[in-house]
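Reading through the structure tokens given below for one structure.
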Amino acid sequence: HSTKAVAWEPNKPLVIEDVEVAPPQANEVRIKIVATGMCHTDLYILFESMKKESFPMILGHEAAGIIESVGPGVTEFQPGDKVIPLFISQCRECRFCKIHLFLFTCKGKKIEQFAGTSTFSQYTVVNQMAVAKIDPSAPLDKVCLIGCGICTGYGAAVNTAKVEPGSTCAVFGLGAVGLAAVMGCKAAGAKKIFAVDINPEKFEKAKVFGATDFVNPKDYDKPISQVLAEMTNGGVDYSLECVGNVEVMRSALESCVKGWGISVVVGWTELHDVATRPVQLIAGRTWKGSMFGGFKGKDGVPEMVKAYLGKKLLVDEFITHNMTLDQVNDAIELMKHGKCIRTVLNPFPQ
């Protein structure tokens, strides 16, 4: 049995419940979650996508923990290993893999596992393909953020956009993913990084990660793409949309320079079509998407943890709040109102 924050239905507060966690079956591991971040995608599932059939569900997908037990056939992990669960598994064999299981029951009802991880809990069971073993010296209450937000933004810049030294970039949306994208642009050697957000309180934070210029679309009476084009002699080389809003995706594309500009869609949404005039693409712009920053989880996550331990990656700077799992609804409210970057939840308060 394990304490978990259960989303019984969409658009309602999560309820802390005592949930029965199945023991690990063949090729599965059971993880004691030491720390889990609150990511905007968790809110998207709860408040925006509203797919009734997905509930009840245990949200959470950005976490770090310790292997508690392993099922038959598991050779890669042992109890005591420090790990980060992966919402995109890596079997290292097939073209893609998608695992969809019910591993929890509460009050006699089967509960859906979210993103194959469900980390708003004390214990979770995942397939061994969906776990990355990390350096045993890593502080789990920090590196949990490498399980989603940091890899997603940073990788979108370095792996997907492939930002080049001396280039000009614009990052739209300065939540954890956007700030990680700013950090990725800086690491890649961009000389100018425009941080774009309608919340000016985010600008100080963006400076810490390497932003050089700040643009609030609300300060102008013309489209932000036009504003950026005027500031950059025709548009930026790379733009990254880290909001999950189709209008912003369009603005990001149209802020790129014609001929070679690359725009990457990073923010998650499935509610609306994304649109632009064909001439925007005919002019030579490239529109790309990026999932988990283009990292392969088992390979990339341990490398990112190493980079953090080697002081080559900022992680602590994303964390604005620490709470216990039973304060999960307070964490949701903070994020809903843009009052945090990342809240890290501890399922086992001392």
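- Using a 4.0 Å cut-off between a side-chain N of Lys or Arg and a carboxylate O of Asp or Glu, Glu76 and Lys298 qualify as a salt bridge.
- Ionic pairing of Lys205 and Glu317 is not present here: no N-O contact between side-chain nitrogen and carboxylate oxygen is shorter than 4.0 angstrom.
- Each of Phe203 and Tyr220 belongs to its own hydrophobic cluster when Ile, Leu, Val, Met, Phe, Trp and Tyr are linked at side-chain heavy-atom distances under 4.5 angstrom.
- Side-chain contact, Asp316 with Tyr308: a donor N or O sits under 3.5 Å from an acceptor N or O.
- Ring centroid separation for the pair Tyr123 and Phe348 comes in under the 6.0 Å cut-off.
- The two residues Ala176 and Arg342 come nearest to each other via the heavy atoms CB-NH1, 3.4 Å.
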**Request:** List the steps, then state whether side chain to side chain contact (heavy atoms under 4.5 Å, CB included) holds for Arg285 with Leu253.
**Result:** CA-CA 8 Å; Arg285 296 178 181 87; Leu253 175 76; 4.2 Å; yes

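- When side chains are defined from C-beta on, Val171 does not count as touching Glu241, because their heavy atoms never get closer than 4.5 Å.
- In terms of modelled atom types and a separation under 3.5 Å, the side chain of Asp42 and the main chain of Cys39 share a donor-acceptor contact.
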**Request:** Show the numbers, then the answer: is there a side chain to side chain contact (heavy atoms under 4.5 Å, CB included) between Ser118 and Glu112?
**Result:** CA-CA 9 Å; Ser118 287; Glu112 183 96 14; over 6 Å; no

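- Between Leu313 and Met304, the closest heavy-atom pair is CD2-O, 3.5 Å.
- Here the side chains of Val257 and Thr232 are not in contact, with every heavy-atom distance at 4.5 Å or above.
- Of the possible polar contacts, none joining the Gln113 side chain to the Ile111 backbone as a donor-acceptor pair under 3.5 Å is found.
- Under a 3.5 Å cut-off, the side chain of Lys191 and the backbone N or O of Ser167 do not form any donor-acceptor pair.
- Judged purely by distance below 3.5 Å, without hydrogens or angles, the side chains of Glu17 and Trp8 pair a donor atom with an acceptor atom.
- Ion pairing of Glu204 with Lys207 is present here, as a side-chain N (NZ or NE/NH1/NH2) and a carboxylate O approach within less than 4.0 Å.
- There is no path of hydrophobic side-chain contacts, each under 4.5 Å, that joins Phe172 to Val265.
- A donor-acceptor contact shorter than 3.5 Å is absent between the side chain of Glu333 and the backbone of Asp330.
- Listed here is the closest heavy atom pair of Val328 and Ala5: CG1-CB, 3.8 Å.
- In summary, the side chains of Ser251 and Glu254 do not present any donor paired with an acceptor at a separation below 3.5 Å, with no hydrogens or angles considered.
- Ile198 approaches Pro217 most closely through the heavy-atom pair CG2-CD, 4.0 Å.
- Counting heavy-atom neighbours within 6.0 Å of Lys288 NZ, excluding the residue itself, gives a total above 12.
- Contact check for Asp135 versus Leu309: side-chain heavy atoms found under the 4.5 Å cut-off.
- A donor atom on one side chain and an acceptor atom on the other are not found under 3.5 Å apart for Ser225 and Ser255.
- Shown here for Leu86 and Val301, the closest heavy-atom pair between the two residues is CD2-CG2, 3.7 Å.
- Annotation: side chain of Val274 is in contact with side chain of Trp287 (closest heavy-atom distance under 4.5 Å).
- Met249 is not connected to Val227 by any chain of hydrophobic side-chain contacts under 4.5 Å among Ile, Leu, Val, Met, Phe, Trp and Tyr, and they are in different clusters.
- Between the side chains of Ser239 and Ser263, a donor-acceptor pair is found at a separation under 3.5 Å.
- Aromatic rings of Phe318 and Phe209 (six-membered ring for Trp) have centroids within the 6.0 Å cut-off, being under it.
- Taking each heavy atom of Cys151 and Ile146 in turn, the nearest pair found is SG-O, 3.2 Å.
- Proximity of a side-chain donor or acceptor of Asp197 to a complementary backbone N or O of Leu174 within less than 3.5 Å is detected.
- Between Phe214 and Phe194, the ring centre distance reaches or exceeds 6.0 Å.
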**Asked** Taking it one step at a time, do Asp237 and Glu164 satisfy side chain to side chain contact (heavy atoms under 4.5 Å, CB included)?
**Response** CA-CA 9 Å; Asp237 301 306; Glu164 292 186 0; over 6 Å; no

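- Salt bridge Asp213/Lys192: present, at least one basic N to carboxylate O contact under 4.0 Å.
- Contact of the His61 side chain with the Thr41 side chain is registered, since non-hydrogen atoms from C-beta on lie closer than 4.5 Å.
- Here the CG-CG distance, from Asp219 to Asn216, works out to 4.0 Å after rounding to the nearest 0.5 Å.
- Checking side-chain atoms of Asn329 against main-chain N and O of Leu14 turns up a donor-acceptor pair under 3.5 Å.
- Residues Val236 and Trp260 are members of separate hydrophobic clusters, defined by side-chain heavy-atom contacts under 4.5 angstrom among Ile, Leu, Val, Met, Phe, Trp and Tyr.
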**Asked** What's the verdict on side chain to side chain contact (heavy atoms under 4.5 Å, CB included) for Leu281 and Val279, showing C-alpha distance, side-chain angles and the deciding distance?
**Response** CA-CA 5 Å; Leu281 297 170; Val279 67; over 6 Å; no

